[in-house]
Amino acid sequence: MRTSMPEQKPKERIKNFNEVALGYSEEDAVKEASRCLNCKKPSCVKGCPVGIDIPGFIQLIKEKRFEDAIDKIKEKNSLPAICGRVCPQETQCEQLCILGKKGEPVAIGRLERFAADWERKKGVKPPEKVEDTNKKIAVVGSGPAGLTCAAELAKKGHSVTIFESLHKTGGVLMYGIPEFRMPKKIVESEIDYIKDLGVKIKTDMVVGKTIEVDELKKDFDAVFVATGAGLPMFMHLPGENLNGVYSANEFLTRVNLMKAYRFPEYDTPVTIGKRVAVVGAGNVAMDSARTSLRLGAEQVFIVYRRSEKEMPARKEEAEHAKQEGVKFMLLTNPIRFIGENGRVKKMEYIQMKLGEPDESGRRRPIPIKGSESVMGVDTVIMAIGQRPNPLVPKSMPGLETGRHGNIITDEHGKTSIKGVFAGGDIATGAATVISAMGMGKKSARAIDRYVKEK
Amino acid sequence: MEKANKTIAIFNISQHYFKNMFKIVKKETLAESTKMFEVEAERIAKKCMPGQFIILRIHEKGERVPLTIADFDRDKGTITIVFQEVGKTTFQLGKKNVGDEILDFIGPLGNPSEIEKFGNVVCIGGGTGIACVYPQVKMLKEKGNKVISIIGARTKNLLFWEEKMKKFSDQIIVTTDDGSYGRKGVVTLPLKEILEKEKIDRVIAIGPPIMMKFVAKTTLPYKVKTIASLNSIMVDGTGMCGACRCVVGGETKFACVDGPEFDAHLIDFDLLISRNKMYLDEEKKSLELYRGEI
Ligand SMILES: Cc1cc2nc3c(=O)[nH]c(=O)nc-3n(C[C@H](O)[C@H](O)[C@H](O)COP(=O)(O)OP(=O)(O)OC[C@H]3O[C@@H](n4cnc5c(N)ncnc54)[C@H](O)[C@@H]3O)c2cc1C
Ligand SMILES: Cc1cc2nc3c(=O)[nH]c(=O)nc-3n(C[C@H](O)[C@H](O)[C@H](O)COP(=O)(O)OP(=O)(O)OC[C@H]3O[C@@H](n4cnc5c(N)ncnc54)[C@H](O)[C@@H]3O)c2cc1C
Ligand code: FES
């Protein structure tokens with residue numbers, strides 16, 4: 001049995017925005033670390049997109065060498081407090097853990113989080129200075145991909161400047177993932193570490209508007225584009241533009257980035273109804289549903305067209321949502337929103353059944369004729385996915401892009417334009433924090449080679 | 001020597017990229033509750049075009065508020081904004097003075113207006129819309145168009161920039177709803193007369209949504225291409241949230257990245273008007289609390 005992690009009780013936590021999972025104590029961590037078999041040929045490492053020496057850092061925790069443990073993690077991952085919290089470990093490292101074959105895998109994510117939190121409490125060691133290479137690199141976007149790439153390049157002695165369009169750094173970590181799951185103080189302190197590496201960050205810079213990639217190419221030796229998948233998708237249903245129908249991006253940006261949950265102390269408002277329907281069942285949907293509860297909604301429904309098995313959210317997120325009282329309307333799809341005086345009042349929906357698997361390998365949902373019904377709702381949040389942000393690609397003639405507007409790269413992040421690299425959600429489409437970091441890292445290596453050869 | 005050069009180059013780049021002080025260098029009260037600022041924003045001034053806007057934030061707890069670029073000076077590196085004090089942010093902004101800095105000033109956002117030699121163009125500005133249409137008037141004139149400007153407001157005290165507009169207009173007509181200055185009535189009255197009298201190749205209207213709606217209605221029977229600039233509620237202004245969604249020709253568009261200007265005959269103005277009322281209660285509460293504080 002894995003060591004459980006203390007959490008705020010569901011009844012309490014839905015009244016606040018404080019972090020839900022409280023993290024291991026030193027004792028918990030040592031106990032959990034002792035479960036690790038320290039395999040000779042560890043498979044867990046293969047599941048880690050950045051290749052952390054997992055048994056290595058776990059052994060150090062077991063020996064209570066916490067400082068060495070965090071150093072070990074940081075050899076490969078510059079944002080451990082974030083990954084420990086939001087990585088889908090159950091489909092990565094933990095899925096491959098030998099212990100998981102018979103019982104529960106080692107709680108690798110929780111241990112990673114423990115090590116990072118331990119270090120932060122104690123005061124993070126400033127990174128060692130490296131010799132300046134006099135090469136300049138521009139990174140566009142300050143999400144996990146941009147931050148990681150910047151950190152890696154700075155560690156190699158390059159002078160890195162990040163250009164971010166918003167007024168705050170961190171990408172989705174800052175504007176998307178809520179405080180109760182990803183405290184903003186932690187994101188800020190991870191970013192401070194990256195600044196300590198010498199990375200300069202320039203906010204309020206919309207690349208493609210305030211400054212063009214072409215200009216950056218003139219002033220820098222290479223450019224890394226990591227602008228994420230920020231374009232919200234809608235279903236184009238009747239009534240979707242009624243007041244009270246939000247994209248998850250807008251809803252979460254208001255709450256997280258603009259701190260609307262503290263309105264009127266903060267100036268940006270958000271409205272929440274008594275009955276909220278969240279369409280979709282990924283992490284974004286779970287975050288929207290749980291945020292709605294905390295803003296005072298009485299009933300929150302996840303409306304999802306497939307079954308529980310296909311839900312793309314991290315297991316922990318769906319479980320937390322259930323514990324908090326979010327209701328799951330599975331095999332259900334909205335077909336129309338009905339308003340009154342411009343505000344959404346009702347949602348018409350239809351039951352679905354699962355047919356043959358589609359190209360994603362999941363069984364295709366098919367509407368059941370005649371199964372339509374109507375329910376009362378006063379807020380709807382569309383969380384059905386995001387597409388790559390078209391702003392930068394559109395501003396760069398000659399840049400090859402894919403069907404969904406993603407920038408096409410080779411496995412090292414090279415794009416069709418010389419000296420321009422790309423990674424993270426802008427290249428892969430909406431994915432995960434760790435895959436964005438993995439790409440950021442790979443691209444950093446390629447950029448390092450490129451600028452040295454230049 | 002080479003090393004010295006390099007240091008200078010780097011220094012220049014940092015000057016170039018890291019000057020992030022959006023200082024107010026000029027302030028004027030143009031009309032009742034309408035203020036004008038000239039703000040240092042070198043990068044934006046270098047690139048912006050008529051029709052584009054900026055988003056600003058004035059303190060750590062502040063909202064992101066969109067304002068049209070009402071003028072720019074590429075040499076001085078300044079942007080002019082004109083705003084009406086209608087809610088907490090604009091009132092707070094109005095309290096700022098020359099020498100003060102604006103925390104965030106982001107732009108130029110949105111697409112530049114389509115400006116070429118059309119022939120005869122009518123430019124209509126209603127209220128603060130006068131300032132928003134001004135840079136277009138100026139550029140249309142420079143491109144050799146015949147420009148007829150119509151500026152309107154509820155009452156005389158709310159009018160401004162008549163002289164400035166005159167300078168680039170072949171003809172200018174002023175209206176006030178109450179007749180306290182210029183012609184009594186709304187801007188669509190003289191517009192209709194002009195459309196009856198001469199061939200107009202394009203109409204551009206910026207002002208309250210209701211005004212733009214009626215301008216579009218007026219020009220439709222004459223089949224004159226009409227452009228309106230939408231002032232939807234926005235958050236990021238970069239296409240990331242969809243707060244600014246509007247319907248144009250039956251299709252949902254994002255005003256911030258697809259606009260803000262669209263073919264006025266295709267815009268669903270009633271939706272715009274309805275969506276702009278989304279936060280009325282919150283806006284009121286915010287302003288009341290703010291008034292209580294000061
Ligand atoms: C609500 C939510 C919850 C999620 N939960 C999880 C989770 O639990 N676990 C997980 O692994 N993943 C999760 N994800 C997905 C994960 O956050 C993303 O895959 C990841 O952040 C992608 O990183 P990125 O660096 O590519 O892009 P982003 O994090 O999107 O960062 C892109 C940055 O670029 C900036 N930018 C965009 N355009 C421009 C421009 N023109 N000029 C300058 N800057 C620009 C943006 O403002 C942003 O800061 C979640 C996503 C959301 C939205
Ligand atoms: C692209 C664009 C360009 C704009 N250009 C200008 C400009 O040049 N000058 C100017 O004065 N205003 C302009 N606006 C409107 C301006 O953004 C709002 O007046 C401002 O956000 C009000 O902020 P507040 O906090 O002071 O008031 P709030 O408390 O937010 O609102 C107070 C009142 O203003 C109305 N309001 C709120 N937001 C808007 C909005 N986006 N559009 C219209 N009315 C609104 C509300 O209905 C309410 O009655 C523009 C808007 C957009 C989208
Ligand atoms: S303001 Fe967010 S998409 Fe337009």
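The sequence lines fix the lettering, A, B, ..., with proteins before strands; numbering per chain opens at 1.
Looking at A/L231, the atoms closer than 4.5 Å to chain B (heavy atoms on both sides) sit in the backbone and in the side chain alike. Contacts of A/F234 with chain B are made by side-chain atoms alone, with heavy-atom separations under 4.5 Å and no backbone atom involved. At a 4.5 Å heavy-atom cutoff, the contact between B/F254 and chain A is made by side-chain atoms alone. Interface residue A/T271: backbone and side-chain heavy atoms are both found under 4.5 Å from chain B. For B/I273, no part lies near chain A; criterion is any non-hydrogen pair under 4.5 Å. If you measure heavy-atom distances from A/L242 to chain B, the contacts under 4.5 Å come from the backbone alone. If you measure heavy-atom distances from B/E293 to chain A, you find no contacts under 4.5 Å at all.
With 3.5 Å as the limit, one finds a donor-acceptor pair spanning the side chains of B/T252 and A/N241.
Considering only heavy-atom pairs separated by less than 4.5 Å from chain A, the leading option among B/R64, B/K285, B/K277 is B/R64. Ranked by heavy-atom pairs shorter than 4.5 Å toward chain A, the options B/H59, B/R57, B/E251, B/Q52 are led by B/R57. Ranked by heavy-atom pairs under 4.5 Å with chain B, the first of A/R262, A/K259, A/E265, A/K168 is A/E265.
No donor-acceptor distance shorter than 3.5 angstrom exists from the side chain of A/D204 to the backbone of B/D104, with no hydrogens or angles considered. Between the side chain of A/N243 and the main chain of B/S274, a donor-acceptor pair closer than 3.5 Å is present.
Residues B/Y290 and A/P264 form no side-chain contact, since every pair of their non-hydrogen atoms from C-beta on lies 4.5 Å or further apart.
Annotation: B/E116, atom CD; neighbour count of heavy atoms from other residues, nucleotides and ligands within 6.0 Å is above 12.
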Can you check side chain to side chain contact (heavy atoms under 4.5 Å, CB included) on A/H167 and B/I55, steps first, answer last?
CA-CA 11 Å; A/H167 57 267; B/I55 280 189; over 6 Å; no

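Screening B/K61, B/Q92, B/E282 for a side-chain contact (heavy atoms from CB on, under 4.5 Å) involving A/D267 leaves a single residue, B/Q92.
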